[in-house]
Amino acid sequence: MSNAPAEATKAEEAPAEEIDLEPANHIIDKYLTLPGNLMPVLQGIQDEYGYVPRPTIDLVAERLNVYPSQIFGVLTFYAQFHLKPRGRFIIRVCVGTACHVQGAPRIVETFFDKLGIGHAETTPDLRYTFEKVACLGACGMAPLAMVNDSTYGQMTVQKVDQIIADYNQRPMKK
């Protein structure tokens, strides 16, 4: 017997996410009269919150007079948008051919073990999000990892420990 109806009811009963919508309103105000304003509004909201929270989707739909389904279409089409909170530090490990040959799978597994999360997952404390990526465009530095905008080339298992120790010391706020 399926639990689908019970699960659907459970999802409907989930409490709405509570966030301060004032920053989203300011972003919408900034672009309200510009044609083609949906993308810059969604990018601004993601920059502000770190992702696009559900309540902001409803607000954008109401204020820009578009259907929420249209907004979800945009958010799910473009990889730049995220619908869940992400970590303060985004760790990306290249798994392209050059990095794979130079040991990227061991680097990935070491990050998984040290952080306790897998691909496209975020630690419960929102400190880290980990992603495997197809190519970071620096094959000469293989295997390669990035944390936010910082690049770490010729990665080793020992460097994984050093990187995590370094970022564990950094504050959670920007």
Side-chain angles (χ1 to χ4, degrees), residues 11 14 16-100 104 107-108 111-112 115-153 155 163-164 167 170-174:
E17 187 177 6
E18 291 185 30
I19 62 165
D20 179 8
L21 292 175
E22 194 61 31
N25 272 312
H26 287 297
I27 293 164
I28 295 169
D29 289 343
K30 182 178 174 183
Y31 297 103
L32 192 58
T33 58
L34 293 176
N37 54 9
L38 183 56
M39 286 295 284
V41 165
L42 295 176
Q43 289 167 333
I45 287 172
Q46 181 156 288
D47 287 346
E48 176 66 29
Y49 295 95
Y51 71 109
V52 182
R54 174 58 201 238
T56 65
I57 295 170
D58 296 333
L59 178 67
V60 170
E62 180 183 323
R63 294 209 47 211
L64 299 185
N65 197 26
V66 295
Y67 292 108
S69 61
Q70 292 174 291
I71 297 171
F72 275 108
V74 170
L75 293 173
T76 55
F77 180 80
Y78 294 102
Q80 67 177 293
F81 292 115
H82 305 283
L83 293 169
K84 294 180 180 176
R86 292 170 46 91
R88 164 83 171 89
F89 304 108
I90 310 298
I91 300 172
R92 295 180 178 94
V93 174
C94 181
V95 293
T97 303
C99 288
H100 180 85
I107 304 302
V108 168
F111 272 114
F112 285 176
L115 298 175
I117 58 174
H119 169 67
E121 293 181 350
T122 300
T123 56
D125 64 358
L126 300 180
R127 179 170 288 275
Y128 298 105
T129 294
F130 183 87
E131 299 173 341
K132 295 188 293 184
V133 295
C135 184
L136 290 171
C139 298
M141 299 171 65
L144 184 72
M146 291 185 72
V147 181
N148 295 349
D149 295 329
S150 298
T151 303
Y152 300 89
M155 282 294 300
I163 289 169
I164 292 173
Y167 283 90
R170 298 185 184 200
M172 284 293 287
K173 300 281 181 185
K174 291 183 180 177

Assess whether side chain to side chain contact (heavy atoms under 4.5 Å, CB included) is satisfied between R127 and L115, documenting all intermediate values. CA-CA 10 Å; R127 179 170 288 275; L115 298 175; over 6 Å; no
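- A distance of 9.5 Å separates SG in C99 from CD1 in I107, rounded to the nearest 0.5 Å.
- Between C135 and C94 the shortest heavy-atom distance is CA-SG, 3.6 Å.
- Side-chain atoms of I163 and M155, non-hydrogen and from C-beta on, do get closer than 4.5 Å to each other.
- Looking at V60 and V52, their side chains never come closer than 4.5 Å, going by heavy atoms from C-beta outward.
- For the pair P53 and I45, the minimum side-chain heavy-atom distance is below 4.5 Å.
- Residues in residues 64-79 take part in no side-chain hydrogen bond (donor to acceptor under 3.5 Å, both in side chains) pair, two or more places apart or across chains.
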Would you check, one step at a time, whether the test side chain to side chain contact (heavy atoms under 4.5 Å, CB included) holds for T123 with F130? CA-CA 9 Å; T123 56; F130 183 87; over 6 Å; no
Under 3.5 Å, side-chain donor or acceptor atoms of residues 31-41 against the rest of the protein: list the pairs with distances, not counting sequence neighbours.
unit_1, atom_1, unit_2, atom_2, d
N37, ND2, Y31, O, 3.1
N37, ND2, L32, O, 3.2
N37, ND2, L34, O, 3.3

Identify each donor-acceptor pair in which a side-chain atom of residues 143-152 lies under 3.5 Å from a protein atom, sequence neighbours left out, and give them as a table.
unit_1, atom_1, unit_2, atom_2, d
N148, OD1, I90, N, 2.8
N148, ND2, R88, O, 3.4
Y152, OH, Y167, OH, 2.9

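- Here the closest non-hydrogen pair linking T56 and A24 is CG2-CB, 4.0 Å.
- Side chains of F72 and R54 form a contact here, defined as non-hydrogen atoms less than 4.5 Å apart.
- Counting only heavy atoms from C-beta outward, the side chains of Q43 and I27 never approach each other to under 4.5 Å.
- Side chain of Q46 to main chain of Q80: a donor-acceptor pair is present (N/O by atom type, distance under 3.5 Å, no hydrogens or angles).
- Here the side chain of T122 pairs no donor or acceptor atom with the backbone of R86 at under 3.5 angstrom.
- Listed here is the closest heavy atom pair of Y128 and I117: O-CD1, 4.0 Å.
- I71 and L42 get closest at one heavy-atom pair: CG2-CD2, 4.0 Å.
- Between the CG atom of L126 and the NZ atom of K84 there is a distance of 12.5 Å, given to the nearest 0.5 Å.
- Between H26 and K30 there is no side-chain heavy-atom pair separated by less than 4.5 Å.
- Looking at heavy atoms from C-beta onward, I164 lies in side-chain contact with F111 at the 4.5 angstrom threshold.
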